[in-house]
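Read through the structure below, which is laid out as structure tokens, and then see the notes.
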Amino acid sequence: MNPQEPWPADAEEATALQSRLRRSVTRTGPAAHEIQRLAGLDVTYSKNDDRLIAAVVVLDAATLEVQDVVVHEDRPRFPYLPGLFSFRELPPLLAALEKLDHLPDLLMCDGHGLAHPRRFGLACHLGVTTRIPTIGVAKQALIGEYAEPGPRRGDRSPLTDKGEVLGTVLRTADHVKPVFVSIGHMISLEDACQVTLNSTPRYRISEPIRLADQASRRTLKSRQSHPTG
DNA sequence: GCGACAG
DNA sequence: ATCTTGTCGC
């Protein structure tokens, strides 16, 4: 974890920490063509007990070939509260990242970045903490207004709040619900959309995140108590 | 006050 | 998010 920053004890402290950390988010970083290794991150929770599995899947950015998969079992240390999602998922995701032999060039996470009430969603928190370029790709909006984008893959429309552009509502496949792309850290919104499209060749959800979701679910399922007799 | 509310 | 199989459609 980030030893420089005290971990918040409650929602009020967490909110204050977000407002402070948001200032370190940047919109520039490596050019898109310099990104060779993409990582998708996701967390699956057990309903039976209080365990969770965080997963990171690393893919070759050009071929989308899987290069590495790591998982980490943990327990939630913070409740789920809209707007404070990162305090729940950041600790297990960082622990999983530490299991990688080589850090990836870019992180894609299941949630928002700047498209957040205080402009500091999970993707921003993950990027600022790791100092790795990060993109947020969410399945649902948390804040903002938008027009329905066109029906085809690549069609998009801006996600805005009080005139401020927070992200892009991006159609990743024909006639499928769009996803919500926003900057996490060290990348432009345009590059974030390009990387998202490039890593989403077939399904609605980008391949790195989709595979991380599968890995975390598979792992949790395989570790559930198997009833005998 | 009411509704909305990433995963 | 979690529980949960098949089934309809491209």
Side-chain angles (χ1 to χ4, degrees), chain A residues 11 14-15 18 21-22 25 40-56 71-94 96 107-128 134-146 151-153 159-162 166-185 189 192 196 201-206 208-227:
Chain A
T15 299
Q18 290 180 325
L21 291 178
R22 64 186 280 187
V25 170
L41 300 84
D42 195 24
V43 178
T44 293
Y45 299 84
S46 169
K47 191 188 181 179
N48 305 322
D49 45 50
D50 65 346
R51 292 181 308 157
L52 62 79
I53 303 290
V56 180
V71 297
H72 176 75
E73 181 172 326
D74 210 332
R75 298 179 160 220
R77 306 170 200 183
F78 208 89
Y80 169 72
L81 298 172
L84 299 178
F85 183 48
S86 72
F87 295 95
R88 182 170 173 80
E89 299 218 336
L90 189 67
L93 287 175
L94 291 177
L107 309 179
M108 303 183 72
C109 58
D110 194 9
H112 296 284
L114 290 182
H116 176 279
R118 289 168 294 282
R119 315 299 185 246
F120 198 74
L122 171 63
C124 298
H125 206 159
L126 202 47
V128 165
T134 304
I135 298 173
V137 185
K139 297 181 289 297
Q140 299 288 334
L142 173 61
I143 190 176
E145 304 175 342
Y146 61 95
R152 302 199 313 158
R153 170 180 159 84
L159 176 69
T160 65
D161 180 42
K162 292 174 287 187
L166 300 184
T168 299
V169 185
L170 179 65
R171 193 86 66 183
T172 51
D174 292 355
H175 307 293
V176 162
K177 287 206 310 178
V179 298
F180 299 78
V181 178
S182 59
I183 292 169
H185 188 43
L189 182 55
T196 300
R202 177 167 183 186
Y203 304 107
R204 177 189 180 219
I205 303 303
S206 77
I209 294 176
R210 197 177 70 84
L211 294 176
D213 179 82
Q214 288 183 354
S216 60
R217 288 183 196 239
R218 263 191 282 107
T219 303
L220 178 63
K221 191 169 186 177
S222 71
R223 294 184 186 182
Q224 301 277 34
S225 45
H226 294 175

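Note on naming: letters A, B, ... go to the chains in the order of the sequence lines (proteins, then strands), and numbering restarts at 1 for each one.
Annotation: A:Y80 is not in aromatic contact with A:Y45 [ring centroid separation under 6.0 Å not met].
Atoms CG (A:D50) and C1' (C:dT2) sit 13 Å apart, rounded to a whole Å. If you measure from atom CG of A:D49 to atom C1' of C:dT2, you get 11 Å, rounded to the nearest angstrom.
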Next item on the list: Determine which bases of DNA chain B form Watson-Crick or G-U wobble pairs with both distances under 3.5 Å, and write the result as a 5' to 3' dot-bracket string with | for other-strand partners.
Entry: .......

Note to self: Just to be sure I follow the notation: if a pair is Watson-Crick (purine N1 to pyrimidine N3 plus N6-O4 or O6-N4) or a G-U wobble (N1-O2 and O6-N3), each under 3.5 Å, what dot-bracket string does DNA chain C give, with | for pairs to another strand?
What the structure shows: ..........

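A:F180 and A:Y146 have perpendicular rings, their planes meeting at more than 60° on a 0 to 90° scale where under 30° would count as parallel.
Under the 4.0 Å criterion applied to side-chain N and carboxylate O atoms, A:R223 and A:D49 are not assigned as salt-bridge partners.
Using a 4.0 Å heavy-atom criterion, one finds that A:R51 contacts no nucleic acid atom at all.
Between A:T196 and A:I135 the shortest side-chain heavy-atom distance falls below 4.5 Å.
The side-chain hydrogen bond (donor to acceptor under 3.5 Å, both in side chains) test applied to A:R75 returns A:D50, not counting sequence neighbours. Taking the side chain to side chain contact (heavy atoms under 4.5 Å, CB included) definition, one finds that A:A115 meets it with A:H112, A:L159, A:L166, A:S182, sequence neighbours left out. The side-chain hydrogen bond (donor to acceptor under 3.5 Å, both in side chains) test applied to A:R22 returns no partner, not counting sequence neighbours. In this structure, the side-chain hydrogen bond (donor to acceptor under 3.5 Å, both in side chains) partners of A:H125, at least two apart in sequence or on a different chain, are A:S86. Residues that satisfy the salt bridge (Lys or Arg N to Asp or Glu O under 4.0 Å) test with A:R153, not counting sequence neighbours, are absent from this structure. Every residue two or more places apart in sequence or in another chain that forms a side-chain hydrogen bond (donor to acceptor under 3.5 Å, both in side chains) with A:T44 is listed here: A:S216.
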Note to self: Return a single string for nucleotides 2-7 of chain B, one symbol per nucleotide in 5' to 3' order, where B is base contact, S is sugar-phosphate-only contact and - is none, cutoff 4.0 angstrom on heavy atoms.
What the structure shows: ---BBB

Next item on the list: Produce a footprint string for nucleotides 4-10 of chain C: one letter per nucleotide, 5' end first; B if the base is under 4.0 Å from any protein heavy atom, S if only the sugar-phosphate is, - if neither.
Entry: -------

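For residues 167-179 of chain A, the pairs satisfying salt bridge (charged side-chain N to carboxylate O under 4.0 Å, His left out) are A:E148-A:R171, with sequence neighbours left out.
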Next item on the list: Determine, step by step, whether A:H116 and A:L122 satisfy the side chain to side chain contact (heavy atoms under 4.5 Å, CB included) criterion, reporting the C-alpha distance in whole Å, the side-chain angles of both residues, the deciding distance to 0.1 Å, and the verdict.
Entry: CA-CA 9 Å; A:H116 176 279; A:L122 171 63; over 6 Å; no

Donor-acceptor list for residues 138-145 of chain A side chains, cut-off 3.5 Å, not counting sequence neighbours:
residue	atom	partner	partner atom	Å
A:K139	NZ	A:D110	OD1	2.9
A:K139	NZ	A:D110	OD2	3.2

